[in-house]
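What follows is a short report on a single structure.
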Protein chains: 2
Amino acid sequence: MSILREKILHVASDLFQTRGINSTGVDTIVAVAGTTKMTLYKYFHSKENLILEVLQKGHQDFQAWLNGKMSSKKPTEKLQQLFDHIEEWITAPDFRGMAFLKASAEFPNEENAVHRLSAEQSRQFKQYLAGLATDAGAKDPEALALQLSLLIEGAVQAEQMKRGSGAIKYAKKAAKILIEMALKG
Amino acid sequence: MSILREKILHVASDLFQTRGINSTGVDTIVAVAGTTKMTLYKYFHSKENLILEVLQKGHQDFQAWLNGKMSSKKPTEKLQQLFDHIEEWITAPDFRGMAFLKASAEFPNEENAVHRLSAEQSRQFKQYLAGLATDAGAKDPEALALQLSLLIEGAVQAEQMKRGSGAIKYAKKAAKILIEMALKG
DNA sequence: TATGAAATATACAAATCTGTATATTTCATG
DNA sequence: CATGAAATATACAGATTTGTATATTTCATA
């Protein structure tokens, strides 16, 4: 509803990705967003709360974008084409990484709320892959989904570490082999 | 030479892994190590310097451990057995993750010294895998090495996020397929 | 026992962090 | 124009951060 609320979310998301979460103070966020701490704490009553909302919005936006790309495709081809979309995402100039991967590294304690949300989002992504694997007729959909998630998250990690790594190119080739083996074998 | 220096390195490494780097102050480190800031700053003249030394020692120790495990094996079997050792490492109770993966997430800026060292260590690990792939007679050793590194780093990431994920089990199966394809095909 | 380096305790500086209190200004709506 | 909620500026509290200054104590060695 509020424009300032959205602005804060957007700015925080950007700063968290480019500078890290713990290295970004709320003073910086409100300065870039062009507002004050009073407003920030009105909408998000703690920094941890803001972090959680940023993560949730990021995950929702990503899933919505991916779902839009994936619509109206044959089940057997969906898994392959998924990697085309992931490649488009990773190689885009404004790619900044997978938010929940970084967040879980900054909050390693498994009891921490941010870590728990990150783990939940990772689980949901694997579940999404498992759905695609099931539709495609894989023998062991959970196994294939986990293997593909390793390739995707590994490629994202590699690209976070070094832009232009080209990792996704080789992840795609590996995925093709694994998908074929899981469907035929 | 100095026992305190080693103690500080060890304690810092442990705290960085369990609580995160930016969330661990030097006051905490010296308190746990049973010394004072004066001593810490005598050996490591800044926190960033300490972080870099912790990363370097961690990487050296890991490579030394792995090299010890890998000695006297047939080149064609080394790649497979590598995953057995990685599994042993990941499933050990005191496994705390891959230090350079977390560090690069906490310092996302590619110009940052900690990020650069992390990227360098990741590159060295891929190079090590490429050496094994070459010895094994892979057609495109660089490609296979990159794919295997995606599986390993992905599995480590998964285990960092949730202990007992079992990801390495499926990474091994995927690796077996990819290795066979790279050697035969 | 005397010397001198290593380590220590204590205190502090200066900056930054999250979060709040207070009072003023903007601005759409009645 | 008047009312009232939203947003603002300003200032501050209290804790924590990295890093240093100073002075004392430990302790092996000459």
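Residue numbering restarts at 1 for every chain, and letters A, B, ... go by the order of the sequence lines. Predicted model only: the values in this text are computed from it and were never measured.
Atom pair Asn22(A):CG and dC17(C):P shows a separation of 11 Å (rounding to whole Å applied). Nucleotide dT8(D) holds its P atom 12 Å from the NZ atom of Lys7(A), rounded to whole Å. Regarding Leu50(A), its CG atom lies at a distance of 15 Å from the P atom of dC17(C), rounded to whole Å. Nucleotide dC17(C) holds its C1' atom 13 Å from the CD1 atom of Ile51(A), rounded to whole Å. Arg5(A) has its CZ atom 15 Å from the P atom of dT8(D), to the nearest Å. The nearest whole Å value for the distance from the CG atom in Leu40(A) to the P atom in dT8(D) is 11 Å. In this entry the distance linking OH of Tyr41(A) with P of dT8(D) reads 16 Å, nearest Å. When rounded to the nearest whole Å, the span between CD1 of Ile8(B) and C1' of dT8(C) equals 13 Å.
Between dA9(D), dG19(D), dT18(C), one nucleotide has an atom nearer to the side chain of Met38(A) than all others, and that is dA9(D). The side chain of Lys37(B) sits closest to dT20(D) out of dT18(C), dA7(D), dT20(D). Checking dA9(C), dT20(C), dT18(D) against the side-chain heavy atoms of Asp27(B) singles out dT18(D) as nearest.
Among the atoms of the strands shown, none is found under 4.0 Å from any heavy atom of Lys42(B). Residue Phe44(A) is out of contact with every strand shown, counting any heavy-atom pair closer than 4.0 Å.
Annotation for Glu142(B): atom CD does not count as buried by contact number, only 12 or fewer foreign heavy atoms lying within 6.0 Å. Atom NZ of Lys169(A) sits in a sparse spot, with 12 or fewer heavy atoms from other residues, nucleotides or ligands closer than 6.0 Å. In the displayed structure, Glu111(A) atom CD is contacted under 6.0 Å by at most 12 heavy atoms of other residues, nucleotides or ligands.
Dashed line: the shortest gap from a side-chain N or O of Lys47(B) to OP1 or OP2 of dT18(D) is under 4.0 Å. Checking the phosphate oxygens (OP1, OP2) of dA7(D), a side-chain nitrogen or oxygen of Tyr43(A) falls inside 4.0 Å. OP1 or OP2 of dT8(C) lies within a sub-4.0 Å distance of a side-chain N or O belonging to Thr39(B). Side-chain nitrogen and oxygen atoms of Thr35(A) include none within less than 4.0 Å of the OP1 or OP2 phosphate oxygen of dA7(D).
Checked by atom type and distance alone, the side chain of Lys102(B) pairs as donor or acceptor with a backbone atom of Gln17(B) at under 3.5 Å.
When each of Leu15(B), Ile51(B), Asp14(B) is tested with Thr24(B) by the rule side chain to side chain contact (heavy atoms under 4.5 Å, CB included), just one qualifies, namely Leu15(B).
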